[in-house]
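One structure is given here, and the rest of the page talks about it.
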Amino acid sequence: QVQLVESGGGLAQPGGSLRLSCAASGFPFSSYAMSWARQAPGKGLEWVAGIYSDGSDTYYADSVKGRFTNSRDNAKNTLDLQMNSLNPEDTALYYCAKDPGRVPLLGNRYEYDYWGQGTQVTVSS
C-alpha cells in the first residue's frame with residue numbers, strides 16, 4: 001500500500017532554516033513526480049513545490065522561490081524540502097503528495113493520488 005510520511009518540521013526563528021523529508025513506499029517512486037503543499041492557520045491549501053519524476057526539473061511557487069529547494073533521492077525513495085530564510089508566513093502544516101504523472105501539477109490543483117499526514121512548521125521569534 002502507498003505510504004508517505006513527512007518529518008523534519010518544528011520551530012524555527014525568522015531567517016532560520018528547516019529541512020523536511022518525505023519517505024515514500026508502496027509505489028514505483030522514480031516513475032512519478034512529487035509535490036509539496038501547505039496549509040496555514042485559517043487559510044486554504046497552497047501549492048509550494050514540485051519535482052519531476054527523475055529529479056531533473058524542479059518547480060516552485062513564487063512565494064518560496066529562491067528560498068526553498070526541492071530534491072529527491074530515488075534510490076532511497078525520499079523527497080526533501082530545504083527551507084531557508086524562513087519567515088512567519090511560512091508557518092503551516094506541510095504535506096508531501098504523489099502526483100499522478102511524471103510531471104508535477106503546478107499551482108493550486110491538488111489532484112494528487114496520495115498525501116502524507118503532514119508535518120508542522122512554525123516560524124516565530
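Here the structure is a predicted model, which is why all the values come from computation and not from measurement.
- Counting only N and O atoms by type, the side chains of S17 and N84 include a donor and acceptor under 3.5 Å apart.
- Residues C96 and L20 fail the side-chain proximity criterion, which asks for heavy atoms closer than 4.5 Å.
- Crowding of R102 atom CZ: a count of heavy atoms from other residues, nucleotides or ligands under 6.0 Å not exceeding 12.
- In this structure, Y94 and F68 have tilted ring planes: the angle between them lies in the 30° to 60° band.
- The pair R67-D90 counts as a salt bridge, with a side-chain nitrogen and a carboxylate oxygen less than 4.0 angstrom apart.
- Checked by atom type and distance alone, the side chain of Y110 pairs as donor or acceptor with a backbone atom of E46 at under 3.5 Å.
- Looking only at side-chain heavy atoms (C-beta outward), S124 and T91 stay at 4.5 Å or farther from each other.
- Looking at S71 and Q82, their side chains never bring a donor and an acceptor atom within 3.5 Å of each other.
- A donor-acceptor pair under 3.5 Å is absent between the side-chain atoms of N77 and the main chain of S25, judged by distance alone.
- The number of heavy atoms from other shown groups lying within 6.0 Å of CD (E89) does not exceed 12.
- A donor atom on one side chain and an acceptor atom on the other are found under 3.5 Å apart for S35 and D99.
- Formation of a donor-acceptor pair under 3.5 Å by the E6 side chain with backbone atoms of Q117 is found in this model.
- For the pair L45/N108, no side-chain contact is recorded, criterion being any heavy-atom separation below 4.5 Å from C-beta on.
- Under a cutoff of 6.0 Å and an axis angle of 45°, R72 and F29 form a cation-pi pair.
- Rounding to the nearest 0.5 Å gives a distance of 7.0 Å between CG of D113 and OH of Y32.
- N74 contributes a side-chain N or O that, together with a main-chain N or O of S53, makes up a donor-acceptor pair within less than 3.5 Å.
- Side chain of R109 to main chain of P104: no donor-acceptor pair is present (N/O by atom type, distance under 3.5 Å, no hydrogens or angles).
- The line from CG of N70 to OG1 of T58 is 6.5 Å long, rounded to the nearest 0.5 Å.
- Other residues, nucleotides and ligands contribute at most 12 non-hydrogen atoms within 6.0 Å of the OH atom of Y114.
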